[in-house]
Amino acid sequence: MRATKERFLPLPCDEPWKESPEMTQHDTTRTEPSETRPIVRFSGVSKHYGAFRALCDIDLEIQRGEFLTLLGPSGSGKTTSLMLLAGFDSPTTGTIEMDGTRIEGLPAHKRDIGVVFQNYALFPHLTVAENLAFPLTVRRVSKAEIGERVEKALSLVHLDGMGGRKPSQLSGGQQQRVALARAIIFKPRLILLDEPLGALDKNLREHMQAELKHLHRQLGITMVFVTHDQSEALNLSDRVAVFNKGRLEQVDAPELLYERPCTPFVASFIGENNLLDGRVEALTGGLAAIRLEAGTVLNTKVAGRPAVGDRVKVGIRPEHVTVGQGKSAFAARVVEISYLGDTRRVAVECGGIGRLTLKIPTGAGADRVGIADEIRVVIPEALCRALPDTDGA
Amino acid sequence: MLDSTRIWLWGGRLAGALVLGFLLLPIFAIVPLSFNGGSILAYPLQGLSLKWYAAVTSTPRWLHAVGNSLIVAVSTVAIATPLGTLAALGLDRIQFPGKSLLMALLISPMIVPVIITAVGVYFFFAPLGLANSLTGLVLAHAVIAVPLVLVTVNASVSQLDRGLLRAAESLGASPMTTFRKITVPLILPGIVSGTIFAFAASFDEVVIALMITGPGQKTLPRELLSGTRENLDPTVLAVASILIAISAGLLLLLTLVQHRSAKHHT
């Protein structure tokens, strides 16, 4: 294996490190980008607006054909990353490569990237069909082929026969589909979606999520989706990149993000979590003995490579803490109960641990707790995770 | 019983009607007189006749004036519309210190009294040989017409959704194509309105015309002015009525354009 830098010199035929059987069969395809190489690579990308650091040193690879979601609160840098990739802005430092070629200086109209905008950005003076034909017209596709492809695209997004309408005559959901069809119709190298479902109501949003997923599977095209909605991200994505304050916190499959978060931010942003302050007391194998500030020592799994004495936050999901007996159970007093239908969220003050939130499924027997009740809770140490306390450092 | 809101409402309507009457009555007084059968500029009419209109079309100096006015107005529009439009687009796109100052400078001919502009233009043009020429008049009219185009196009451009331009770019359109296919169609109502204003401003203009033009370049308003001073006959009223009709037509066109653009944006 060569050094990383060398691998991405713009010499696509010089790729001996990945010999796919296809490539050895057809020598002519050797100039084509390898199917297994990431389609986009951000290396050390930063973007500053004056003193404001919108993005700090982002390294990110987008795999060919995947559905990648950029997730984070507003102002976290996810949309900035998308704008840099689309070509509407250029990074302050760092490089962006697409198919092995640097594109930081390439204007947006030469990138061949489809973008679906938050407010759809349909051309109001053109009909739906003319909107869809626009990217083909500027590529000088023949009239006959344009007509054919517009029809196909309309039926792909279930808008057959709507080609003659103006965007203003369509509902929000329909406009959304037109925007999607317009971004797909010219067969771009990848599609960027900037919070496209944000303006839709809940039912329609769920419906569009399902359609988007279906479309991604059907077309096999790479999609990069920006959202601040974590459930949307978990539902849609092959992988999720979590942004916080201009930094990339973690990139992983939804299951891994939820089950093995690497930072306290990810642990609390994806789903709910109890985060308990503590310090590493001892390390044995993959486990660490963490002394919580409230005094108790928990033997937990660790994220990253903490050293003895490091400050950590121990994450434990509310649904993993249970009411029960046993020698490992801790005495706790109920301080707050919220009824959520399928579950009760119960906050307890736990001796030697601190404040904990539990989720008790309705009808599980142990759900009849009242405020100020003295109960015992079990904390399964195997499901606890010690995370590096980056904020406290 | 009348409550106070209704009093205000009807009071407002009355005041509005009075102002409208004040503005329109002179016009309504002139138009019927141009159809007068007699040659006295007074009511009652002495029968109806089109002879004064016939006199306009058969008098060389009126026809010459109409021709001059049309040439000047069309040339003014041809200069002012592109300049005003480009200025509006440029000022909208770039941020720089002194931008509002530049904007104020560009629209100052709208605020400065026309007589000042006229005198200034005269002293500037005379040594250049542009006085007593239609070219000079066109240039001077362009100066007062550019701000009208700039202001109307600027209003359209500020309503233009930047996202649409980005969308066009992302779909593969070069900046030039984006300008032609997206920007221009969307700000066209502003450009058309500006053009109408520029045309009307030049077609009705008399102060600069008095300063710059000689006997050979008399425009319609100028001929009208000398007509009222020298030989006051109903021909002047016929010309005035024609001017009113043209202005009303332009105004109607403007309303239509604005109505259509309003439909676009909803």
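A quick note: this is a predicted structure, and the numbers were derived from the prediction, not measured. Residue numbers start from 1 in every chain, and the chains themselves are labelled A, B, ... in the order their sequence lines are given, proteins ahead of strands.
With a 4.5 Å cut-off on side-chain heavy atoms, B:Ser170 and A:Ile113 do not count as touching. Looking at B:Ser174 and A:Lys110, their side chains never come closer than 4.5 Å, going by heavy atoms from C-beta outward.
Within 6.0 Å of atom CZ in A:Arg205, more than 12 heavy atoms from other residues, nucleotides or ligands are found, so the atom counts as buried in its surroundings. Residue A:Arg189 places its CZ atom among more than 12 non-hydrogen atoms of other residues, nucleotides or ligands, all under 6.0 Å distant. By the 6.0 Å contact criterion, NZ on A:Lys187 is open, its count of non-hydrogen atoms from other residues, nucleotides or ligands being 12 or less. Counted within 6.0 Å of CZ on B:Phe28, heavy atoms from surrounding residues, nucleotides or ligands total 12 or fewer; the atom is thus considered open.
Contacts of A:Phe123 with chain B are made by both backbone and side-chain atoms, with heavy-atom separations under 4.5 Å. For A:Phe88, the parts sitting under 4.5 Å from any heavy atom of chain B are the backbone and the side chain alike. Using a 4.5 Å cut-off between heavy atoms, A:Leu136 makes no contact with chain B at all. Neither the backbone nor the side chain of A:Arg111 comes within contact range of chain B; no heavy atom of the residue lies under 4.5 Å from a heavy atom of that chain. Residue A:Asp112: no heavy atom, backbone or side chain, is found under 4.5 Å from chain B.
When all heavy atoms are compared, the tightest approach of A:Ala108 to B:Glu169 is CB-OE2, 3.5 Å. Scanning both residues, B:Ala167 and A:Arg182, for their nearest heavy atoms gives CB-NH2, 3.6 Å. Between A:Pro124 and B:Leu186, the shortest heavy-atom contact is CG-CD2, 3.7 Å. A:Ala121 and B:Gly163 get closest at one heavy-atom pair: CB-O, 3.8 Å. Nearest approach of B:Ala173 to A:His109, heavy atoms of both residues: O-CB, 3.1 Å.
Atom CG of B:Leu164 sits about 7.5 Å away from atom CG of A:Asn119, to the nearest 0.5 Å. Residue B:Asp161 holds its CG atom at 9.5 Å from CZ of A:Phe117, rounded to the nearest 0.5 Å.
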Could you check B:Thr178 against A:Val138 for side chain to side chain contact (heavy atoms under 4.5 Å, CB included), going step by step and ending with a plain yes or no? CA-CA 10 Å; B:Thr178 304; A:Val138 300; over 6 Å; no

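Formation of a donor-acceptor pair under 3.5 Å by the A:His125 side chain with backbone atoms of B:Lys181 is found in this model.
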